[in-house]
Amino acid sequence: MEVSVIGKCQAKIAGADFVDREVGFFNSKVDSKILLSKICFMRSSRCERSRIRLSTKSVQMEPVQSQNVDVGRRSKSLEGVKLYVGLPLDAVSPCNAGNHSRAIAAGLKALKLLGVEGVELPVWWGIVENETMGKYEWSGYLALAEMVRNADLKLHVSFCFHASKQPRIPLPEWVSKIGESKPNVYFTDRCRQQYKDCLSLSVDDLPVLNGKTPIQVYREFCESFKSSFSKFFDCTISGISMSLGPDGELRYPSQRQLESHGVGEFQCYDENMLSILKQHAEASRNPLYGLGGPHDAPSYNDTPNSNNFFKDLDGSWESHYGDFFLSWYSAELIGHGDRLLSLASSVFRNTKASIHGKVPLMHSWYKTRSHPSELTAGYYNTSNRDGYEAVAEMFARNSSKMILPGMDLSDQLHPQELLSSPESLIAQIKSASRKHGVILSGQNSSNSEAPRNFDRIKKNLEGESVELFTYQRMGAYFFSPEHFPSFAEFVRSVHQLELHSDDLPIDGEEEDTAETPCASPMSEAQMQAA
């Protein structure tokens with residue numbers, strides 16, 4: 001995507017002078033130009049090109065005129081909150097070459113001048129170890145780490161042992177070939193449909209990957225990363241996130257469709273999960289409980305009352321069997337998270353990097369008694385049971401920090417008939433984390449079309465439990481004139497920066513932009529989806 005910054009004005013951001021002419025930015029503190037003219041977010045080989053324009057209007061940091069009158073005010077409770085920005089999901093191409101490298105380099109310098117602490121980089125299993133088990137190709141990611149260090153920013157690395165649908169980044173080829181002959185390495189629903197974007201937690205300790213267990217393969221991946229990036233751990237790499245499930249989150253793939261508002265389905269029907277369930281039922285002297293998941297649970301897109309299991313009144317979830325199954329289902333998920341966070345803590349214990357894991361925000365139907373969306377995702381959280389206490393305790397046991405997404409979401413933006421409450425769920429997770437001394441890191445919604453509710457983000461950042469916030473994600477919309485000034489004002493308000501007189505719009509100033517056509521525009525979803 002082309003970034004054109006053409007103009008005649010001068011602006012100051014965080015005390016640094018920007019001289020915007022033809023174009024570059026001039027930072028009087030470091031006496032250097034950041035050239036942004038005709039820079040494309042593009043794939044380096046046969047991949048697509050597309051562009052964004054970072055215009056004078058977006059870089060100038062004009063005061064944002066909106067109904068959010070409190071954006072420029074900062075609570076003392078926001079002191080110490082570090083701000084990061086996520087890099088594009090496809091910052092490294094499937095052929096392990098850098099995508100959009102020149103534009104990312106320019107964006108990094110702009111973020112540094114704005115006062116952002118660092119960036120988050122997704123590192124994909126399906127790119128690094130794609131062809132053969134144990135053969136790692138880090139070159140594209142090493143180049144990006146070098147760019148981040150040169151920009152004097154911190155780097156948070158997210159290991160992605162899952163696949164991405166948009167942009168499409170599959171699991172490693174050799175793993176997918178194993179899955180073709182051994183479909184039970186994948187999560188399976190009651191219709192025997194496999195979810196092929198991550199491995200089932202039931203095979204964590206089974207030698208299904210050419211004689212090795214997934215836990216062994218993940219450990220070797222982490223150790224290779226630690227060795228290859230050793231020079232960046234002293235002053236650049238600040239954190240490591242472990243992929244814990246679908247989209248990196250600690251959950252079952254209970255929702256198979258994007259933006260589905262149904263209750264989802266239980267994912268316990270691969271042979272290995274059924275075997276574990278059977279053994280657990282027999283050990284509990286209830287062998288009939290081990291025959292499968294709830295027979296009276298609704299389907300993916302159904303409402304809670306479409307079948308008996310999740311009904312508020314006399315639903316099966318409150319029966320003896322319901323408690324047995326939900327306790328087991330949740331415990332298996334927590335055990336999976338425990339294994340992976342323990343692995344990461346062990347590998348990186350001698351570095352300065354903190355370990356993180358991400359939990360989901362399954363807020364649909366939160367106002368019902370049964371909380372069905374959370375139950376199918378693996379969180380035994382209901383109106384009379386706190387399902388996040390055990391999760392927070394597991395994070396604390398591994399000295400890990402918890403990533404909580406959806407901090408821009410508010411109740412009023414969701415249809416009342418869904419009985420959703422992201423605000424209440426965030427408050428509950430924050431409470432459980434605070435009780436167990438777990439530090440939180442926040443993220444905004446990964447939906448690129450979601451309103452950017454900066455006031456809601458700031459409210460959720462208040463309190464001592466939130467240490468870091470990562471804004472998702474760098475791309476076309478992020479740098480657009482419609483968005484970037486609002487983000488800059490948000491950063492300034494969190495950092496309690498005062499408006500400089502040069503930030504004010506200049507009467508009669510003309511916005512001048514230059515466009516160089518690039519073929520095959522990349523969709524905003526590709527740049528923003530998480």
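At distances below 3.5 Å, not a single donor-acceptor pair connects side-chain atoms of S200 with backbone N or O atoms of Y186. One N or O on the side chain of Q267 and one on the backbone of E265 form a donor-acceptor pair closer than 3.5 Å. Formation of a donor-acceptor pair under 3.5 Å by the S431 side chain with backbone atoms of A427 is not found in this model. Distance alone, capped at 3.5 Å, places no donor-acceptor pair between the N381 side chain and the E374 backbone. Listed for the R456 side chain is no donor-acceptor partner under 3.5 Å among the backbone atoms of N453. A donor-acceptor pair under 3.5 Å is formed between the side chain of N130 and the backbone N or O of E173. Formation of a donor-acceptor pair under 3.5 Å by the R434 side chain with backbone atoms of I439 is not found in this model. Panel note: side chain R385, backbone Y380; a donor-acceptor pair is recorded below 3.5 Å. Formation of a donor-acceptor pair under 3.5 Å by the R192 side chain with backbone atoms of T188 is not found in this model. With S227 contributing its side chain and E223 its backbone, the two residues share no donor-acceptor pair below 3.5 Å.
Between W317 and F310, the ring center distance fails the sub-6.0 Å criterion. H280 has its ring centre less than 6.0 Å from the ring centre of F324.
Between the side chains of E389 and H436, at least one donor-acceptor pair of N or O atoms lies under 3.5 Å. Side chain to side chain, R251 and S254 fail the donor-acceptor criterion of an N or O pair below 3.5 Å. N308 and S316 are linked by a side-chain donor-acceptor pair at a separation below 3.5 angstrom, with hydrogens and angles left out of the test. Side-chain contact check for S139 and N96: at least one donor-acceptor pair (N or O, by modelled atom type) lies under 3.5 Å.
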When the side chains of residues 359-367 are checked against the rest of the protein, which donor-acceptor pairs come out under 3.5 Å, sequence neighbours left out?
from : atom 1 : to   : atom 2 : distance (Å)
H363 : ND1    : S420 : OG     : 2.6
W365 : NE1    : H261 : O      : 2.9
Y366 : OH     : Q428 : OE1    : 2.5

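When the shell of 6.0 Å around NZ of K278 is examined, it contains 12 or fewer heavy atoms from other residues, nucleotides or ligands. Within a 6.0 Å sphere centred on CD of Q412, other residues, nucleotides and ligands contribute 12 heavy atoms or fewer.
At a threshold of 4.5 Å between non-hydrogen side-chain atoms, the residues T382 and L375 count as touching.
Partner of Y252 under the ring pair (Phe, Tyr, Trp, His ring centres under 6.0 Å) criterion, out of F266, Y379, Y269, Y329: Y329 alone. No option in Y289, F309, W328 other than Y289 meets the ring pair (Phe, Tyr, Trp, His ring centres under 6.0 Å) test with Y321. Of the candidates F159, F225, W125, W125 is the only one forming a ring pair (Phe, Tyr, Trp, His ring centres under 6.0 Å) with Y218.
At a threshold of 4.0 Å, the pair E146-K231 counts as salt-bridged, since one of the basic side-chain nitrogens sits closer than that to a carboxylate oxygen. The pair E129-K135 does not meet the salt-bridge criterion, since no charged nitrogen lies less than 4.0 angstrom from a carboxylate oxygen. Comment: D234 does not engage K352 in a salt bridge, judged by the lack of any side-chain N to carboxylate O separation of less than 4.0 angstrom. For K401 and E467, the salt-bridge test passes: some basic side-chain N is under 4.0 Å from an acidic carboxylate O. Ion pairing between a basic and an acidic side chain is recognised when a charged N comes within 4.0 Å of a carboxylate O; K182 and D270 show no such pairing.
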Full working for side-chain hydrogen bond (donor to acceptor under 3.5 Å, both in side chains) between S93 and N99
CA-CA 6 Å; S93 72; N99 275 334; 4.6 Å; no

Residue pair K154, E120: steps toward the salt bridge (Lys or Arg N to Asp or Glu O under 4.0 Å) verdict:
CA-CA 9 Å; K154 297 296 184 181; E120 175 261 343; over 6 Å; no

